[in-house]
Amino acid sequence: MPYFPINKCLPATVDIRLQHRYSDVGTELSRTTHFNKIEVLRLLQMHYMLTKDNTIPMDKLSFIQFMDVFLGVRNVDAVDKIYLLCSETNKEHLTGAEFVKVLSMLLKGTLADLINFCFEVYTEMIRSPRYIKKEDVLLMARKNSMKMCKLVNMEEYDQSFVDFVMTEVDNDRDNRISLEDYRKAVHENVAWLQFLGQILPDCTKKESFTRLFTDRPYVNNIETTAAAMTRKNRESIAKMNLLKSTVSPTDITGSSASFSSNSTFLVVKNDPNHLAKANQLIADGNYLTLF
């Protein structure tokens, strides 16, 4: 059988040896992830190279650095929980197979899968297995405020954000957000997928990283699914945006949400009277942006 190189960055002898080593696990992962076998083999070889010829395991720090450099995810708290959730074999390191599985979720996960995944990461971050309580949202808002410029009215911003979140997401009004509340909110507006901070890479980072191991064109599964939402939900979002665009700035006293399909981040717009003092606050990229 003629030799087909998987990774041209490696010597042919090493590439052949790794292809043989990873053949069986590559076949198995191609059936259980969103990657084909060639993509799986290339990702396994990438893991091999990132772990210094597989002599040093991919520990938590290495994974945090990988997520920062390659995927632009700098929310260390979230990455820490992703690592703990995905390192099933040994909590001390991430195996090659686990590395492929987590990338399958982050890069190509369906919206249904990502809803469960992101909710689990958030509940791990607040150490609450089933619900996100109102006080948890406030705690996350305050944590973000500490990373921003100090303002006299920062506490007011945090409380406004919490009130807005609970009004929009807490569907049954029990002062806590369940998975069903969260799922319903995301189905109505995908911006809610990452309302407590970045977990997923943005589309630009996904596309550029994907080019490293495949020739297949990148498909934004989140955007595709969002576009397939029911006509009623799409019209509701369009009406909400139209209503916001017709409101005079002096009439805006609360907060509102908008959606960018590129990042699926929640963007909160606050009272413009405070914005003059804030001089356009921008978070450091690992939570959300406040304007």
How many angstroms lie between CD in Gln19 and CG in Asp15, if you round to the nearest 0.5 Å?
4.5 Å
Report yes if the side chains of Lys206 and Ile222 come closer than 4.5 Å at any heavy-atom pair, otherwise no.
yes
Using the side-chain hydrogen bond (donor to acceptor under 3.5 Å, both in side chains) rule, take Ser160 and Asp163 through it: C-alpha gap first, then chi angles, then the decisive distance, then the call.
CA-CA 5 Å; Ser160 296; Asp163 293 341; 5.8 Å; no
Which heavy atom of Met46 sits nearest to which heavy atom of Leu212, and what is that distance?
CE-CB, 4.4 Å
Please confirm whether the backbone N or O of Met58 pairs with a side-chain atom of Thr51, one donor and one acceptor, at under 3.5 Å?
no
Okay, side chain of Arg173, backbone of Thr167: is any donor-acceptor separation there less than 3.5 Å?
yes
Can you confirm whether the side chains of Asp24 and Thr27 place a donor and an acceptor under 3.5 Å from each other?
no
Run the numbers on Tyr22 and Tyr48 for ring-ring contact (aromatic ring centres under 6.0 Å, His included), then give the verdict.
CA-CA 11 Å; Tyr22 296 139; Tyr48 173 86; 7.1 Å; no
Could you tell me whether a side-chain N or O of Gln194 sits under 3.5 Å from a main-chain N or O of Ile199, the two making a donor and an acceptor?
yes
Are Glu88 and Lys101 close enough for a salt bridge, meaning some N to O gap below 4.0 Å?
no
Please assess Leu107 against Phe213 for the test side-chain contact (heavy atoms from CB on, under 4.5 Å), listing each intermediate value before the final yes or no.
CA-CA 12 Å; Leu107 299 176; Phe213 63 91; 4.0 Å; yes
So how far is it from Asp77 CG to Met125 CE, rounded to the nearest 0.5 Å?
5.0 Å
Which is it for Leu179 and Tyr131 under the side-chain contact (heavy atoms from CB on, under 4.5 Å) test, yes or no, and what are the steps along the way?
CA-CA 7 Å; Leu179 176 58; Tyr131 301 100; over 6 Å; no
So if you build clusters from Ile, Leu, Val, Met, Phe, Trp, Tyr with side-chain heavy-atom gaps below 4.5 Å, do Val100 and Leu85 land together?
yes
Quick one: does Asp53's side chain have a donor or acceptor within less than 3.5 Å of a partner on Thr55's backbone?
no
Side chains of Val25 and Leu44 in contact at under 4.5 Å (non-hydrogen atoms):
yes
Taking all heavy atoms of Lys37 and all of Ser23, pick out the closest pair and write down the distance.
NZ-OG, 3.2 Å
Pairwise distance SG(Cys118) to CZ(Arg183) - rounded to 0.5 angstrom
12.5 Å
Would the distance check show the side chain of Tyr122 and the main-chain N or O of Gly197 forming a donor-acceptor pair, the cut-off being under 3.5 Å?
yes
I'd like to know whether CG of Asn90 has more than 12 heavy-atom contacts from other residues, nucleotides or ligands below 6.0 angstrom.
yes
Nearest-0.5 Å distance that lies between atom CG in Asp172 and atom NZ in Lys184:
10.5 Å
Between Tyr182 and Phe119, how do the two ring planes meet: parallel, tilted or perpendicular, split at 30° and 60°?
tilted
Which value, rounded to the nearest 0.5 Å, describes the distance between Phe195 atom CZ and Phe161 atom CZ?
7.0 Å
Evaluate the side-chain contact (heavy atoms from CB on, under 4.5 Å) criterion for residues Tyr3 and Ile16: first the C-alpha distance (whole Å), next the side-chain angles of each, then the deciding distance (0.1 Å), finally the verdict.
CA-CA 8 Å; Tyr3 164 62; Ile16 292 172; 3.3 Å; yes
Aromatic contact between Phe164 and Trp192, with the criterion being ring centroids under 6.0 Å apart: yes or no?
yes
Report all side-chain donor-acceptor pairs from residues 62-73 shorter than 3.5 Å, counting only partners two or more places apart or in another chain.
residue : atom : partner : partner atom : Å
Ser62   : OG   : Asp59   : OD1          : 2.8
Asp68   : OD1  : Arg74   : NE           : 2.9

For the student: nearest non-hydrogen atoms of Asn220 and Cys203, plus distance:
ND2-SG, 2.8 Å
Are Leu193 and Ile126 linked, directly or through other ILVMFWY residues, by side chains that come within less than 4.5 angstrom of each other?
yes
Side chains of Glu28 and Val40: closer than 4.5 Å at any heavy-atom pair?
no
Can you check whether Lys134's main-chain N or O pairs, donor with acceptor, with Asn175's side chain at less than 3.5 Å?
no
Residue pair Gln45 / Asn7: nearest heavy atoms and the distance that separates them:
OE1-CB, 2.7 Å
Please report the shortest heavy-atom distance between Ala185 and Val169, naming the atom on each side.
CB-CG1, 4.0 Å
Cluster question for you: counting only ILVMFWY and a side-chain heavy-atom cut-off of under 4.5 Å, with indirect links fine, are Val76 and Ile82 together?
yes
Quick check against the 3.5 Å criterion: does Asn221 have a side-chain atom that pairs as donor or acceptor with the backbone of Lys108?
yes
Scan side-chain atoms only and decide if Asn171 and Glu180 contain a donor-acceptor pair under the 3.5 Å cut-off.
no
Please tell me whether Val219 and Met105 are part of a single hydrophobic cluster in this structure, the criterion being side-chain heavy atoms less than 4.5 Å apart.
no
So if you build clusters from Ile, Leu, Val, Met, Phe, Trp, Tyr with side-chain heavy-atom gaps below 4.5 Å, do Tyr218 and Val102 land together?
no
For Ile177 and Met166: C-alpha separation, side-chain torsions, deciding distance, then whether side-chain contact (heavy atoms from CB on, under 4.5 Å) applies.
CA-CA 8 Å; Ile177 299 170; Met166 299 308 293; 4.1 Å; yes
Got more than 12 heavy atoms from elsewhere within 6.0 Å of NZ, Lys133?
no
Within the side chain of Tyr83, is there an N or O that forms a donor-acceptor pair under 3.5 Å with the backbone of His93?
yes
Please find the pair of heavy atoms, one from Phe117 and one from Cys86, that lie closest to each other, and give the distance.
CE1-SG, 4.4 Å
To the nearest 0.5 Å, what is the distance between OG1 on Thr123 and CG on Leu196?
10.5 Å
Could you tell me whether the side chain of Glu39 and the main chain of Asn36 form a donor-acceptor pair under 3.5 Å?
yes
Would you confirm whether Lys91, through its side chain, and Leu84, through its main-chain N or O, come within 3.5 Å as a donor-acceptor pair?
yes
